[in-house]
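Index from 1, following the sequence. Below, each value reflects all heavy atoms present in this structure, side chains not excepted, and no hydrogens, waters or symmetry copies. Because the structure is predicted, anything quoted here is derived from the model rather than measured.
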Amino acid sequence: MSKEYIFENNLVNIGLMCGRIIKSWKLILLSGLIFLSLAFVFVKLYLKPIWMSSAIVSSPAYSQLSEIRTEVSPLTNIDPSTKILVSNYTSSKWLIEQFVQEYDKYDTKLEFIKNNKKLFGITDGPSENLQIKNALNKIDLQKNKNRKNTFELTASSYSPEVSYNILSDYINLVNSNVISKMAKNLNALVRNEKDILINKSENAYNRAYIILDELKERNNFALRLAKSAKVEYPKENLDEDDKKFAFAIGSRALEEKAKILNTTKSINVFNSEISILKYNLKMVNDIKIRDKLDINVYDLVKSPSEPLTPEKNKALVIIILGAIFGLILGMVIAVFKNK
């Protein structure tokens with residue numbers, strides 16, 4: 001009796017193939033059960049449930065920023081160009097944009113993970129960099145498509161408590177970083193405005209002293225004229241063609257005026273701009289912007305909380321694929337084994 005082959009003359013003997021599969025159903029079933037068991041063991045030992053804590057944030061409310069806006073309000077009353085920058089750095093739109101950028105920033109995540117290795121379960125050793133790389137994917141941000149300037153923040157871990165702690169601590173870090181950036185920008189504006197006011201004040205004082213020197217000179221000429229004309233007391237209806245050297249008030253008044261001009265300390269009376277600049281400079285000097293402000297640059301729509309159920313993982317998929325692979329392998333062995 002001739003031996004039959006599955007592949008003969010470039011044709012597949014379907015009948016023979018099906019026959020061998022049916023006859024070896026026990027082998028196929030056993031192979032499927034073995035790989036099903038192996039997949040189940042793998043899932044139990046290595047595939048841990050993932051817990052994800054989430055929060056939803058949006059643009060901060062106006063009331064949340066009233067403290068800082070009140071603090072820098074003197075800047076907005078001095079220079080129109082500075083007012084625009086101050087309004088930008090304290091606007092809800094700018095702050096939520098900075099928060100989102102900082103939250104999703106690679107360097108911020110890396111700094112947070114390296115400073116909280118224990119929280120992420122990272123151990124020292126050759127695989128440390130790989131662990132850190134995997135941890136970077138555990139912090140995520142997604143934009144809400146239905147609400148403007150609204151974002152969902154998530155952090156995942158193998159423990160509900162840890163996922164909550166990661167998310168809460170990271171939000172606080174990002175908030176602190178944005179506040180520091182805002183304070184840095186505003187302090188730079190304060191320093192710049194202070195330098196401008198100091199420079200303007202110096203120029204105003206110089207102009208005042210020039211005016212004072214000119215008044216002294218005019219008064220000196222007028223005094224000499226009054227003495228020459230023997231005008232000791234003020235004269236009425238005295239026609240003076242040259243008002244620059246007016247001496248109608250008389251030499252006695254001019255001598256007293258000279259004493260006042262030589263001893264005066266109120267230089268601002270010769271340039272009213274000085275008083276305004278001194279007031280503005282005092283207002284700017286009183287501005288104290290701290291790097292650590294007790295404010296949030298976001299509004300919490302949904303606060304972070306410990307997740308109640310784990311996220312769906314690939315456990316079922318792995319088990320099903322293991323069983324399918326086992327069945328297919330069993331069929332292949334059944335078809336090609338020698339009888």
Of all heavy-atom pairs between Ser92 and Pro60, which one has the smallest distance, and what is that distance? OG-O, 2.8 Å
Is it true that, when you exclude Gln142 itself, more than 12 heavy atoms of the residues, nucleotides or ligands shown sit nearer than 6.0 Å to its CD? no
Which atoms form the tightest heavy-atom contact between Val301 and Arg147, and what is the distance? CG1-NH1, 3.5 Å
Per side chain to side chain contact (heavy atoms under 4.5 Å, CB included), Leu173 is matched among Val178, Thr108, Asn116 by Thr108
Say whether Thr123 and Gln131, considering side chains only, have a donor N or O and an acceptor N or O under 3.5 Å apart. yes
Over all atoms of both residues, closest heavy-atom pair of Leu153 and Leu141: CD2-CD1, 3.4 Å
Residues Glu255, Lys227: salt bridge by 4.0 Å N-O rule: yes
What are the two closest heavy atoms between Lys117 and Asp124, and how far apart are they? NZ-OD1, 3.9 Å
If you count heavy atoms of other groups shown closer than 6.0 angstrom to NZ of Lys200, is the number above 12? no
hydrophobic_cluster_shared for Ile56 and Ile139, side chain cutoff 4.5 Å: no
Would you please test Phe112 and Asp169 for side-chain contact (heavy atoms from CB on, under 4.5 Å) and show each step? CA-CA 9 Å; Phe112 179 72; Asp169 292 350; 3.8 Å; yes
Neighbour count >12 (heavy atoms, 6.0 Å) for atom OH, Tyr164: no
How long is the gap from CG on Leu281 to CD on Glu193, to the nearest 0.5 Å? 9.5 Å
Taking the side chain as every heavy atom from C-beta outward, state whether Glu102 and Lys181 have any atom pair closer than 4.5 Å. no
Can you give me the closest heavy-atom contact between Thr154 and Ser54, atom names plus distance? CG2-CB, 3.9 Å
Spacing of CD belonging to Gln98 relative to CG belonging to Asn177, to within rounding of 0.5 Å: 11.5 Å
Could you label the plane-to-plane angle of the Tyr103 and Tyr170 rings as parallel, tilted or perpendicular, counting under 30° as parallel and over 60° as perpendicular? perpendicular
For Lys302, is the NZ atom crowded, meaning more than 12 foreign heavy atoms sit under 6.0 Å from it? yes
Does one hydrophobic cluster hold both Leu119 and Ile171, with members joined at side-chain heavy-atom distances below 4.5 Å? yes
Inspect the surroundings of NZ in Lys278 and state if more than 12 heavy atoms from other residues, nucleotides or ligands are less than 6.0 Å away. no
Going from CG on Leu95 to CG on Asn88, what distance comes out if it is rounded to the nearest 0.5 angstrom? 9.0 Å
Under a 4.0 Å N-O cut-off, is there an ion pair linking Asp286 with Lys282? yes
I'd like to know whether CZ of Arg224 has more than 12 heavy-atom contacts from other residues, nucleotides or ligands below 6.0 angstrom. no
Just by modelled atom types, is the Tyr298 backbone N or O under 3.5 Å from a matching donor or acceptor in the Asn296 side chain? no
What verdict does the side-chain contact (heavy atoms from CB on, under 4.5 Å) test give for Ile68 and Tyr89, after you've listed the backbone C-alpha separation in whole Å, the side-chain angles of each residue and the deciding distance to 0.1 Å? CA-CA 10 Å; Ile68 187 64; Tyr89 293 145; over 6 Å; no
Do Ile113 and Leu110 belong to the same hydrophobic cluster, where Ile, Leu, Val, Met, Phe, Trp and Tyr are linked whenever their side-chain heavy atoms lie under 4.5 Å apart, directly or via other members? yes
Nearest-0.5 Å distance, CD of residue Glu306 to OG of residue Ser168: 9.0 Å
Take Val162 and Tyr158, measure what side-chain contact (heavy atoms from CB on, under 4.5 Å) needs, and give me the verdict at the end. CA-CA 8 Å; Val162 172; Tyr158 297 121; over 6 Å; no
CD/Gln64 to CG/Asp294 distance, rounded to the nearest 0.5 angstrom? 11.0 Å
For Ser157 and Ser163, work out which heavy atoms get closest and say how close. CB-N, 3.8 Å
Find the distance between CG (Leu75) and CG (Asn280) and round it off to the nearest 0.5 Å. 10.0 Å
Could you walk me through whether Val57 and Leu300 satisfy the side-chain contact (heavy atoms from CB on, under 4.5 Å) test, starting with their C-alpha distance in whole Å, then the side-chain angles of each, then the deciding distance to 0.1 Å, before giving a yes or no? CA-CA 5 Å; Val57 298; Leu300 271 177; 3.8 Å; yes
